[in-house]
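The first residue of the sequence shown is numbered 1, and numbering continues consecutively from there.
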Amino acid sequence: MAVRMLMVCVLGSLLCQVLISAELHHTEEELHPLTLYPWRNQGKGIVRVKRDWIIPPIRVLENSKQVPEDLVQIKSDKIFTGVVIYKLEGPGVDQEPKNLFEIDDKTGIIRSKRPLDREKYSSFTLKAFALSPSGERLENPTTIEIVVLDQNDNRPTFTKSQFVGSVSEFSVPGTSVMSVSATDADDPMTENAFLSYSIIGQESFPSNAVTKTMFGINNQTGAIYTRDVGLDREVVKSFKLKLQIADMGGMGLTSEGVAIIHVVDINNHVPQFHPDSYSMKAEENRYDYEIGRVNVTDRDDPGTGNWAVKYSIINDPDGHFATSTDPTTNQGIVRVVKPLDFEAQSKYTLRLTVENLNPLSSKAPNLPVSTAMVVVTVENQNEAPYFREDPIQIVVPESVLPGTLLKSNIAYDPDNSALRYEISKDPERWLDINQETGDISARRTFNMRSPNVKNSIYTAVVKVTDADGVSTSATMLITLKETNDFPPLLVPLSGSVCKGATRSGSGLVLTAVDEDLPPHAAPFTFEMPEDLSTNWTVLQVNDTHAVLHPLVELEAGEYAVTVLVSDSGSPVLSAYAQVNITVCSCDSFGDCKSETGALQGSSVGISFMALIIIMACIALLLMLLLLAVAVTTCGRRHHIKKGTGLLVGESEDDIRDNVLNYDEQGGGEEDENAFNIDLLWNPHDVPSTPGSYYPGSGVPRGKQPLRKDAPHNLPSPTYPRRPPADPTDIEDFINDGLEAADHDPNVPPYDTALIYDYEGEGSLAGSLSSIASGSSDGDQDYDYLNSWGPRFQKLANLYDPR
């Protein structure tokens with residue numbers, strides 16, 4: 001009925017507008033009550049232009065069962081000579097959703113073809129056209145708005161299948177608990193979506209624990225609140241509320257929902273010991289183990305901080321015991337955390353207290369803190385000996401004297417048992433220990449350089465055993481203190497300094513080294529003795545280095561400089577060092593040139609190494625000389641001919657200056673025993689040819705070879721010398737020849753074959769050979785040989801006629 005009245009109102013409004021328009025245009029055409037004239041042509045001539053028609057929205061009720069249903073008719077007010085065709089376009093016609101509306105192309109009636117759903121499409125905007133049969137637009141298109149009117153065809157629903165909330169126990173009435181919500185698909189601007197909340201049922205857990213209504217709800221907002229007192233979690237754990245939502249302000253469609261409300265525990269109960277006295281046993285010398293448990297009760301919610309407790313011991317000043325809580329059972333665990341000594345105390349009485357982890361609520365009863373008494377009995381055990389310190393620390397100088405007492409009273413036995421001591425580890429065997437008293441002493445002096453000393457600490461192990469065989473070991477750390485045992489040494493002990501070092505400030509860099517360790521080593525002090533510091537000085541560079549350089553310009557050569565170096569030990573040790581310095585001319589790189597000062601001559605001697613080399617060379621030469629003499633002597637003895645009658649023989653007393661072998665055949669170039677016959681040449685037979693040389697000598701004939709060990713400016717003696725007139729002067733004659741040969745620079749040196757005279761053809765001396773003699777040996781008188789002295793005594797004996 002309301003829909004029909006609404007349609008009548010709409011049609012009446014449209015009719016009024018059409019009548020007013022007809023009066024203004026003075027037309028005679030009668031209007032149909034459902035016909036609209038959206039198009040009006042202008043009259044001929046100059047007329048006033050008016051606005052286009054504004055067609056009000058056409059309202060259509062959703063879910064209408066009268067389909068198809070005529071909604072409105074449109075018609076052009078322009079007079080055409082031909083046929084007018086009407087068309088309709090837009091959503092619901094030729095656009096999605098299609099086939100909801102249509103228009104009669106001849107009459108212009110718009111009608112709905114199917115029921116409409118406002119929840120899907122609340123309005124439609126269409127365009128209507130007036131066309132000629134050829135499709136030409138006769139008028140401008142007009143807009144038609146169709147509004148779908150809502151019906152209460154949707155039931156309201158809760159947004160959740162179950163709402164869950166909580167409220168603290170003993171909450172006062174009016175305490176907010178939670179809020180619920182619902183939705184309705186109908187038009188929210190109408191009463192179809194006006195919702196109302198209500199609670200239609202209440203159930204408690206445990207069942208029937210509370211019968212009175214404990215909660216209320218705001219019918220417009222859905223907020224749930226407490227409305228009565230008596231929420232005790234120990235009585236009731238939770239509530240289940242049955243909710244209802246209705247539209248049309250509670251008079252329309254309805255739905256139901258569920259709300260679960262939990263009662264939250266508050267800490268309103270004090271934990272209590274049950275029972276409040278306990279007896280436990282503990283072993284001495286054992287720790288970190290459980291000896292027993294205590295129990296408490298708490299009515300608060302298990303597993304929460306209001307139920308969980310913590311325990312305390314209020315009379316354990318030495319801290320032998322500790323408590324903890326078992327999180328599952330809430331029991332108190334009593335533990336021994338520090339070893340107990342039966343001999344010191346055999347029984348302990350502990351007082352324990354308990355309290356919740358969370359603070360008590362103001363609504364809890366005012367009760368005192370619960371306490372319990374725990375008696376702990378200590379059981380005696382055979383205890384091992386104890387060291388008074390572990391590790392045993394000893395600090396001693398490395399040069400400690402053997403027999404020095406290092407440590408005493410190192411261990412004790414709690415049971416007062418007799419102890420036996422021994423050293424179980426002593427890699428260097430430096431220590432002694434008294435087996436009965438445990439006194440540790442030094443067996444011998446320590447050595448800081450031992451591989452068993454690490455970071456100046458020597459490690460040993462001491463073992464002590466009681467009468468029952470129970471033993472204990474302890475580490476002994478002996479810290480060795482460095483003593484000043486070694487003086488510092490200076491390196492290098494030789495070097496070179498360039499001439500002109502005084503001007504350049506350069507010199508020889510010296511380094512001090514010390515076998516001692518700090519603090520008995522560096523820094524070192526370098527000094528020069530006062531009586532030796534005239535030409536040289538030493539300048540300190542850092543803790544370990546100094547520079548030695550001359551104070552004056554020095555000639556090239558070798559110098560010995562004495563330097564005093566001292567360490568920083570206590571007491572201070574010093575040492576003198578002689579530094580051999582070669583002053584030389586240097587090249588651009590600061591290196592000595594080839595003509596060093598040592599070769600140019602030195603006024604201060606040679607270095608130790610050079611002296612060693614010279615002595616080794618001399619020893620080698622002496623060995624070669626002895627070897628040559630031995631080889632020559634053996635060769636001579638081997639080649640002497642017996643019975644020749646010459647001045648040769650096998651007597652070891654032969655003291656002749658030289659032996660000439662005349663009967664040896666030359667062995668060619670490889671004959672090393674052949675005698676150099678060049679020594680027997682007569683100076684008067686020197687060939688006059690300038691380019692002639694003595695065979696095999698490389699020396700020009702007529703010129704004696706020069707000697708290198710004699711001055712070259714001395715004159716050579718005249719050869720040959722005249723023989724003495726009296727044979728008794730033969731000794732003087734030979735001595736004179738020896739002296740002349742020693743000072744003759746043109747003949748071989750004294751250690752080679754010496755030529756005292758020439759023999760053979762051209763010699764001014766007569767022949768001594770019996771072969772060339774005019775008489776036999778028997779005709780000769782050799783008595784004069786006895787007067788020639790001891791050198792010729794052998795010869796005299798050989799020719800003695802007797």
Side-chain angles (χ1 to χ4, degrees), residues 283-289 318-320 336-344 380-486 514-521 567-571 573:
E283 300 177 8
E284 71 168 335
N285 303 322
R286 184 183 174 190
Y287 63 97
D288 197 18
Y289 70 101
D318 297 328
H320 289 286
V336 176
V337 295
K338 186 176 180 181
L340 303 176
D341 187 358
F342 176 82
E343 288 73 21
N380 189 25
Q381 300 289 333
N382 182 21
E383 303 178 62
Y386 284 92
F387 283 94
R388 300 189 185 277
E389 59 175 336
D390 188 6
I392 302 172
Q393 302 283 347
I394 298 177
V395 180
V396 65
E398 62 172 329
S399 58
V400 62
L401 297 177
T404 303
L405 180 63
L406 303 180
K407 198 77 172 181
S408 61
N409 193 20
I410 61 174
Y412 68 95
D413 187 78
D415 300 322
N416 298 320
S417 175
L419 300 179
R420 180 171 51 86
Y421 299 88
E422 61 178 310
I423 295 179
S424 58
K425 179 183 177 182
D426 183 14
E428 296 290 345
R429 300 183 62 83
W430 286 344
L431 304 172
D432 276 330
I433 190 168
N434 189 305
Q435 293 186 356
E436 296 180 357
T437 64
D439 293 342
I440 301 173
S441 59
R443 174 181 293 183
R444 54 194 180 93
T445 303
F446 299 156
N447 182 12
M448 289 281 291
R449 281 100 193 137
S450 169
N452 294 300
V453 177
K454 307 295 183 182
N455 298 324
S456 302
I457 296 177
Y458 177 71
T459 303
V461 176
V462 180
K463 181 179 179 181
V464 59
T465 307
D466 63 10
D468 295 329
V470 181
S471 61
T472 305
S473 296
T475 302
M476 182 164 51
L477 302 179
I478 303 177
T479 303
L480 301 181
K481 296 177 63 178
E482 178 79 13
T483 57
N484 200 8
D485 302 321
F486 300 94
D514 198 325
E515 295 187 33
D516 293 314
L517 299 177
H520 300 291
D567 59 21
S568 298
S570 178
L573 295 182

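- Minimum interatomic distance between Gly403 and Ser441 (heavy atoms only, all atoms of both residues): O-CB, 4.1 Å.
- Sorted by first and then second residue, the side chain to side chain donor-acceptor pair (under 3.5 Å) pairs involving residues 388-397 (not counting sequence neighbours) are Arg388-Asn409, Glu389-Lys407.
- Rounded to the nearest 0.5 Å, atoms OG (Ser399) and CG (Asn447) are 11.5 Å apart.
- Under the ring pair (Phe, Tyr, Trp, His ring centres under 6.0 Å) criterion, the residue pairs touching residues 385-410 are Tyr386-Tyr412, with sequence neighbours excluded.
- The side-chain hydrogen bond (donor to acceptor under 3.5 Å, both in side chains) check on Asp288 picks up Arg335, with sequence neighbours excluded.
- Under the ring pair (Phe, Tyr, Trp, His ring centres under 6.0 Å) criterion, the residue pairs touching residues 440-467 are Trp430-Phe446, Trp430-Tyr458, with sequence neighbours excluded.
- Contacts of Asp413 classified as salt bridge (Lys or Arg N to Asp or Glu O under 4.0 Å), with partners at least two apart in sequence or in another chain: none.
- Every residue two or more places apart in sequence or in another chain was checked for a ring pair (Phe, Tyr, Trp, His ring centres under 6.0 Å) with Tyr287, and none qualifies.
- For the side-chain hydrogen bond (donor to acceptor under 3.5 Å, both in side chains) test, no residue two or more places apart in sequence or in another chain qualifies with Glu284.
- In this structure, CD1 in Ile394 is found 5.0 Å from CG in Leu406, a value given to the nearest 0.5 Å.
- Looking at residues two or more places apart in sequence or on another chain, you find a side-chain hydrogen bond (donor to acceptor under 3.5 Å, both in side chains) between Arg449 and Glu482.
- Take Thr475 and apply the side-chain hydrogen bond (donor to acceptor under 3.5 Å, both in side chains) test, not counting sequence neighbours, and it matches no residue.
- Shown here are the salt bridge (Lys or Arg N to Asp or Glu O under 4.0 Å) partners of Glu343, two or more places apart in sequence or in another chain: there are none.
- A donor-acceptor contact under 3.5 angstrom links the side chains of Glu428 and Asn452, judged on distance only.
- Sorted by first and then second residue, the salt bridge (Lys or Arg N to Asp or Glu O under 4.0 Å) pairs involving residues 436-445 (not counting sequence neighbours) are Asp432-Arg443.
- Pairing each heavy atom of Thr479 with each of Ile457, the nearest pair is OG1-CG1, 4.0 Å.
- Ser424 approaches Val462 most closely through the heavy-atom pair OG-N, 4.4 Å.
- Considering CE of Met476 and CG of Leu431, their distance stands at 4.5 Å, rounded to 0.5 Å.
- Applying the side chain to side chain donor-acceptor pair (under 3.5 Å) definition to pairs two or more places apart or across chains, those involving residues 465-474 are Asn382-Asp468.
- Between the Thr404 side chain and the Leu401 main chain, a donor and an acceptor come within less than 3.5 Å of each other.
- Between Thr459 and Lys425, the shortest heavy-atom contact is O-CE, 4.5 Å.
- Taking CD1 of Ile478 as the start and OG of Ser456 as the end, the distance is 13.0 Å to the nearest 0.5 Å.
- Closest approach of Asn285 to Pro339, counting heavy atoms only: CA-CB, 3.9 Å.
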